[in-house]
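Everything on this sheet refers to the single structure shown next.
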2 protein chains.
Amino acid sequence: MTMADVAHEAGVSVASVSNFLNKQPYMSEAMAARIAEAIDRLGYKVNSSARNLRSGRTRLLKLVIPDLRQVYFSELAEDILAEARQHGYGVIVESTTNNRARELESIASMGTHSADGLILSPLMMTVDDIAALDGDYPLVLLGERLFGVNAPHVVIRNREGAAAATYHLLDAGCRRIAVVGAVPHPEHDFSSGSIRTHGYREALAARDIPCDDSLLIETQGWGSADGLAAVDTMLESGLQFDAVFALNDLLAWGVLRELRERGVAVPDDVRVIGFDDVEESAYMVPSLSTVNPGREAIARLAVESIIQQVESGSRAPAQTIEAPYSLSLRESSPALACA
Amino acid sequence: MTMADVAHEAGVSVASVSNFLNKQPYMSEAMAARIAEAIDRLGYKVNSSARNLRSGRTRLLKLVIPDLRQVYFSELAEDILAEARQHGYGVIVESTTNNRARELESIASMGTHSADGLILSPLMMTVDDIAALDGDYPLVLLGERLFGVNAPHVVIRNREGAAAATYHLLDAGCRRIAVVGAVPHPEHDFSSGSIRTHGYREALAARDIPCDDSLLIETQGWGSADGLAAVDTMLESGLQFDAVFALNDLLAWGVLRELRERGVAVPDDVRVIGFDDVEESAYMVPSLSTVNPGREAIARLAVESIIQQVESGSRAPAQTIEAPYSLSLRESSPALACA
DNA sequence: CTGAAAGCGCTAACAA
DNA sequence: TTGTTAGCGCTTTCAG
């Protein structure tokens with residue numbers, strides 16, 4: 001079943017059928033009608049391989065993320081899928097399972113023209129790898145900062161978001177805010193963890209409050225089990241604190257659970273705030289206050305940039321596109337009544 | 001940069017380059033070496049659009065699921081991605097956001113040969129829609145049963161899994177097992193909810209224990225907020241129960257949290273068991289016992305079936321492939337000591 | 001406004 | 001063992 005069959009059925013040329021399908025202007029009503037009718041009489045569908053070869057486009061994007069099992073990424077992926085769909089693009093999703101070699105493979109596969117553009121959330125790549133991103137194909141980087149790549153970055157305002165959370169807690173009168181999941185001694189200087197920790201420090205500094213490093217609690221990972229363990233450690237060591245800023249929502253879930261377990265009232269004794277504004281956080285008990293990193297905006301901005309690049313036929317220059325953050329204040333640290 | 005360039009560079013014919021790339025036998029070492037060298041001197045990559053058109057294959061699968069934000073599906077998707085990858089296939093992921101029209105669109109798009117096969121998790125489609133699945137392209141259905149479709153189904157053993165959970169609780173001495181998320185009066189007869197409820201009833205019946213319908217607690221949705229609300233209702237109505245079987249893990253999370261809130265000890269006063277064995281469930285406090293529906297096996301079986309269909313060149317006949325389930329017993333309802 | 005024809009880059013049948 | 005060649009089905013000039 002090819003276009004030639006349709007052309008024959010309608011008694012017109014293949015070119016006309018193609019024009020009809022691609023909504024070219026200047027076609028008589030009559031011909032359009034006949035073609036339309038032939039198409040659905042025959043149940044014709046264009047063959048995308050042929051179209052792709054000829055047009056040099058696939059209307060497919062490649063999304064490469066570290067791990068779909070992490071809520072943050074699955075929600076991000078869902079948003080990106082929706083946005084791409086609106087623009088008429090499909091998405092090939094690849095999970096690198098936190099594996100550098102996989103990240104590089106996914107990038108290399110862009111050479112085959114199987115997708116029109118790449119949205120990459122790099123996690124394990126290092127500066128040594130950025131040469132792999134050379135090329136003229138449409139590319140957008142997400143999240144973690146990777147310097148020296150000649151492409152747009154859509155980033156979370158980690159520093160500002162963390163600072164905003166901290167200001168909020170300070171405004172609520174908290175003075176000993178523990179940071180769960182902190183990176184007190186930045187190694188990979190630009191991980192979300194260290195930037196968020198930095199934002200916290202900055203907010204304290206702006207208010208002339210000294211930062212007590214014993215409040216910076218490092219954790220093994222960033223799952224709820226780690227949040228829970230952190231609270232145990234804090235309580236057992238006799239640490240004094242009147243708020244917890246967990247650097248992601250999963251940590252915060254564990255924190256909430258363990259505080260309750262230990263009979264610490266939230267938010268009365270201790271306020272708790274997270275980061276990510278994952279869907280399920282709104283349904284915790286108490287519901288979790290958290291920093292909304294603008295996931296939907298990230299999805300939208302990333303897809304828009306990629307598509308603009310696809311349409312312009314070349315990669316956009318390096319630039320940083322910041323997504324708007326906001327605080328989603330819920331029961332674990334309610335908004336302040338106006339004074 | 002085409003194959004002709006490589007051929008020219010290596011001083012051979014395009015056919016030889018193609019043979020080399022497709023690992024045909026019968027090629028002299030010398031020629032292979034020269035081609036290999038030319039390829040990486042030029043940094044050549046095959047153009048997949050051209051290959052796809054010519055070969056009639058894309059080495060792409062389409063995965064259509066209701067919602068990536070639901071943990072169950074994001075974990076399933078991750079497993080399917082991994083499995084497909086092992087077989088050298090990429091995956092176009094589409095989320096239907098619980099929307100019947102989207103499901104139908106995704107199916108219709110198979111006509112364009114943009115993917116070699118479809119793995120579909122139908123949710124909103126009805127028997128009226130199954131004609132849309134007619135065709136000869138490789139297809140595997142996941143989860144919810146859809147009768148009359150001429151393709152393999154990979155299914156969870158909902159009934160058996162639910163019965164196993166129930167037997168486990170009965171063996172532990174529980175006699176009043178509340179079912180949260182139950183479907184007491186099946187409407188869509190073959191939803192997971194009603195089958196699991198059925199499995200529960202069946203287990204009671206097998207032990208000659210009458211089923212008290214007041215223990216079947218319906219919920220609005222299947223999120224943790226619903227589980228929480230269910231416990232409130234149960235407690236407030238004075239319902240007596242010594243165990244809760246939540247029909248999915250999210251419900252169970254809410255149940256655990258609210259029981260703790262109300263001072264009900266788990267598992268001492270009330271045992272709790274869920275269904276899905278989602279990753280995060282192992283990190284709840286107490287850690288959640290749950291039915292492992294064999295997600296990895298589902299991913300493997302689905303991908304294997306699709307690929308076998310792709311390779312055989314046509315759709316496999318209707319058949320039901322059941323994934324092995326098991327109980328993941330953790331703190332919320334520990335395994336029984338041997339008597 | 002419509003049609004004829006030239007490929008897009010590759011694979012596979014066939015010839016050598 | 002290697003090379004020649006005919007398309008795969010479509011889009012897109014360009015002529016009519």
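Heavy atoms only: backbone and side chains are in, while hydrogens, waters and symmetry mates are out. Chain letters run A, B, ... following the sequence lines, proteins first and then strands; every chain starts at 1.
Map A:V14 and B:Y26 each onto its nearest nucleotide of DNA chain D; the residue landing nearer the 5' end is B:Y26. Nearer to the 5' terminus of DNA chain D, by closest-nucleotide assignment, is the contact made by B:N19 (compared with the other of B:N19 and A:M1).
Using a 4.5 Å heavy-atom threshold, the side chains of B:M3 and B:L21 count as touching. Counting only heavy atoms from C-beta outward, the side chains of A:T2 and A:N47 never approach each other to under 4.5 Å. Using a 4.5 Å cut-off on side-chain heavy atoms (C-beta onward), A:V91 and A:L60 make no contact.
Between the side chains of A:R69 and A:S74, not a single donor N or O lies within less than 3.5 Å of an accepting N or O.
Atom CZ of A:F20 is separated from atom C1' of D:dT12 by 18 Å (rounded to the nearest Å). D:dT2 atom C1' lies 16 Å from atom CG of B:L21, rounded to whole Å.
At the phosphate of C:dT11, OP1 or OP2 sits under 4.0 Å from a side-chain N or O atom of B:N22. Regarding contacts with the backbone of D:dG3, a side-chain N or O of B:S13 is found under 4.0 angstrom from either OP1 or OP2. Residue B:S18 places at least one side-chain N or O closer than 4.0 Å to OP1 or OP2 of C:dT11.
Among residues at least two apart or in separate chains, side chain to side chain donor-acceptor pair (under 3.5 Å) pairs with a member in residues 84-95 of chain B are A:E78-B:S95, A:E105-B:R85, B:K62-B:E94, B:E83-B:H87, B:E94-B:S106. Listed by first then second residue, pairs satisfying salt bridge (charged side-chain N to carboxylate O under 4.0 Å, His left out) with a partner in residues 122-134 of chain B read B:R100-B:D129, not counting sequence neighbours. Counting only residues at least two apart or in different chains, salt bridge (charged side-chain N to carboxylate O under 4.0 Å, His left out) contacts with residues 116-125 of chain A are absent.
Counting non-hydrogen atoms of other residues, nucleotides and ligands closer than 6.0 Å to CD of A:E29 gives a total of 12 or fewer. At most 12 heavy atoms of other shown residues, nucleotides or ligands fall within 6.0 angstrom of atom OH in A:Y26.
Distance check, rounded to the nearest 0.5 Å: OG1 of B:T96 to CD1 of B:I65 gives 8.0 Å. Going from atom OG of A:S121 over to atom CG of A:L76 covers 7.0 Å, rounded to the nearest 0.5 Å.
Heavy atoms of B:M3 sit under 4.0 angstrom from at least one base atom.
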Atom pairs, protein N/O to nucleotides 14-16 of chain C N/O, distance under 3.5 Å:
none

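For A:S28, taking side-chain heavy atoms from C-beta onward, the closest of the listed nucleotides D:dT11, C:dA4, C:dC1 is C:dC1.
Residues of residues 47-59 of chain B that place a heavy atom closer than 4.0 Å to DNA chain D, in numerical order, are B:L53, B:R54. Listed in residue order, the members of residues 29-44 of chain A having a heavy atom less than 4.0 Å from DNA chain D are A:Y44.
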